[in-house]
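What's counted below: heavy atoms across the whole structure, side chains too, no hydrogens, waters or symmetry copies. Residues take their numbers from the sequence shown, with the count starting at 1.
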Amino acid sequence: MPAAATPNTSRTAPTRRSSWAEAAAVADAQGEVESGPEEAPAAVPSPVPASAPALPTSQPAASRRAVPAEPSTPPSNATADETASAVPTQRVASRQAAKLAAADAPVSDFITSPGSFVRQQKPRPRGGFRGALFAMTGGAINLGPGPRQREEDELGRRISRQLQGSYNTAVLSLKGGIGKTSTTVGVGLTLAEFRGDAPCAIDANPDSGDLVERALGEGIYQQASPRTITDLLKNIESVDSLTALARYMHHAGRLHLIAGEQDPEVSDSLTAEEYLRIRKLISGYYSVALTDCGTGVTHNAMSGILQSADNLVIAAGYAVSGAKRARSTLQWLAGHGYEELARNAIVVITDKDEVSSRVDKDAIEEHLSGICRQLIAVPHDRGVADGDLVTLDVLRPETRRAYKEIAAAIVDGYV
């Protein structure tokens, strides 16, 4: 019986290891020929534990990243066992070098660069074709806001800017019945809509002003506690908090108002010193205040109002006579020590009587150009012209936009 063949297990492994070592030696020799003489190869390391070997301390971290360590190649005369034991050591060293490079690489930080984690979204369009397309597709197609909406958003941003301190804008005119009080209410309500802090409006009209009636409606005002600026002055020493001040205030939404004196015998008695006391009290609780000054610039309280004003709104009618009065007002201010206020004034022309079709607007604007900071026109609107309650909900979009422009221009004068 022929002898059973026994498998030769020692034949393949040594041959494969030997050919690998020879191929590595040939590759090293070719590298030396191409790149020139190199340092002598390091001695073959002896078997080491699984932990990574320590890297030389003389080589800085930046250098290790720039020139990664090449795995050492066993010499051609190394035995198969030595070659096999060197391979795991090379892999461990390579992994350790990769970890060091990754640790030194900059890592995106959510705190310092949150934009790298959050995708920026376009604002949602409101109205028009863009808004309809956004609604029809459930937001899948968002073309972003159109030019008109971007302008409206920019006005809102200007109005809502945070302020450091308290500021006061005086609204005045040389003639009554041309939109001064309606402008004060409309702009005050607009400031209250967009600002995070509530604004305050003060009725300093010596001729029985109707600021609160225009903001609340005459019926509601008559039912409310009839506290006026005179009552506040009588008890001003006891007002030491916003809660105490609220007893003398009226509220049209977020717009807080101080009513003017209605008694004709005392309505003209408000002095400049008394107004300044009111203004000082208000400045401790409100960052924005509007003062409805009444008609004219020479009544008792006017010097105190102008002294504490940060900017002015000059009300005028949409007629040649209204434009001339506005110019006369600015000239009077410039000639009486208020040149800076006149130069930075905002002239508001309200088309209260719907005469704009018979008036050359360009001629009026040219008449006022160069002597004020900005000229803004308020179109004809029954919600303003009727002389009754002024609410933003019933105003035309063009009128609301005009009040936004005025409010934004007012805040521009504060910053």
Side-chain angles (χ1 to χ4, degrees), residues 114-115 118-135 139 142-171 179 182-201 214-215 251-257 285-292 310-313 315 344-351 372-379 381 383-384 389-415:
V118 180
R119 181 179 298 174
Q120 297 294 326
Q121 295 182 352
K122 293 181 181 179
R124 178 176 179 173
R126 300 186 301 271
F129 170 75
R130 295 168 181 259
L133 184 62
F134 182 90
N142 183 2
L143 300 180
R148 178 77 173 185
Q149 182 180 337
R150 290 197 296 270
E151 292 176 0
E152 296 282 341
D153 292 343
E154 175 61 17
L155 287 175
R157 185 198 66 79
R158 289 165 58 193
I159 296 171
S160 62
R161 280 174 292 184
Q162 186 176 4
L163 300 174
Q164 302 296 328
S166 179
Y167 299 88
N168 178 36
T169 296
V171 185
S182 61
T183 298
T184 305
V185 175
V187 173
L189 292 173
T190 303
L191 288 166
E193 180 183 8
F194 286 93
R195 291 195 58 78
D197 50 352
C200 174
R214 299 296 302 275
H251 301 83
R254 296 182 65 251
L255 175 61
H256 300 179
L257 305 108
Y285 303 102
Y286 296 92
S287 62
V288 177
L290 304 177
T291 300
D292 186 356
D310 296 285
N311 54 22
L312 301 177
V313 171
N344 293 313
I346 305 161
V347 175
V348 176
I349 303 182
T350 302
D351 188 7
C372 64
R373 175 162 59 91
Q374 193 167 352
L375 177 68
I376 300 174
V378 178
D381 195 318
V384 174
L389 175 67
V390 176
T391 59
L392 298 181
D393 294 339
V394 300
L395 298 180
R396 296 169 53 191
E398 294 80 4
T399 307
R400 294 193 62 175
R401 179 180 174 84
Y403 286 149
K404 285 183 183 179
E405 292 176 354
I406 299 169
I410 286 174
V411 179
D412 287 344
Y414 298 158
V415 296

Just how far is it from atom [atom1] of [X] to atom [atom2] of [Y], taken to the nearest 0.5 Å?
X    : Y    : atom1 : atom2 : result
L163 : R195 : CG    : CZ    : 4.5 Å
R214 : L189 : CZ    : CG    : 11.0 Å
C200 : L290 : SG    : CG    : 8.5 Å
D197 : L191 : CG    : CG    : 9.0 Å
D153 : R148 : CG    : CZ    : 12.0 Å
T169 : L312 : OG1   : CG    : 8.0 Å

Counting distance only, does the side-chain N/O of D381 pair as donor-acceptor with the main-chain N or O of L395 below 3.5 Å?
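No; zero donor-acceptor contacts below 3.5 Å.
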
Looking at D310, is its backbone amide N or carbonyl O close enough to the side chain of N168 to form a donor-acceptor pair, meaning the two atoms are under 3.5 Å apart?
no

Taking salt bridge (Lys or Arg N to Asp or Glu O under 4.0 Å) as the test, write out the residues that go with R161, two or more places apart.
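Testing R161 for salt bridge (Lys or Arg N to Asp or Glu O under 4.0 Å), a comparison that skips the adjacent residues, returns D412.
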
Partners meeting salt bridge (Lys or Arg N to Asp or Glu O under 4.0 Å) with R150 (sequence neighbours left out)
none

Using atom types as modelled, flag every donor-acceptor pair under 3.5 Å from a side chain in residues 402-411 to any protein atom, sequence neighbours excluded.
residue	atom	partner	partner atom	Å
K404	NZ	E152	OE1	2.7
E405	OE2	R401	NE	3.4

In the structure I gave you, are the side-chain heavy atoms of P379 and T399 within less than 4.5 Å of one another anywhere?
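Yes, at least one pair of side-chain atoms sits under 4.5 Å.
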
May I ask you to test the C372-I346 pair for a side-chain heavy-atom distance under 4.5 Å?
no

Heavy-atom closest pair, residues [X] and [Y]:
X    : Y    : result
R373 : N311 : NH2-ND2, 4.2 Å
A215 : L257 : CB-CD2, 3.8 Å
F194 : S160 : O-CB, 3.3 Å
V390 : S182 : CG2-CB, 4.4 Å

For the residue pair Y414 and Y167, categorise the inter-ring angle as parallel (less than 30°), tilted (30 to 60°) or perpendicular (more than 60°).
parallel

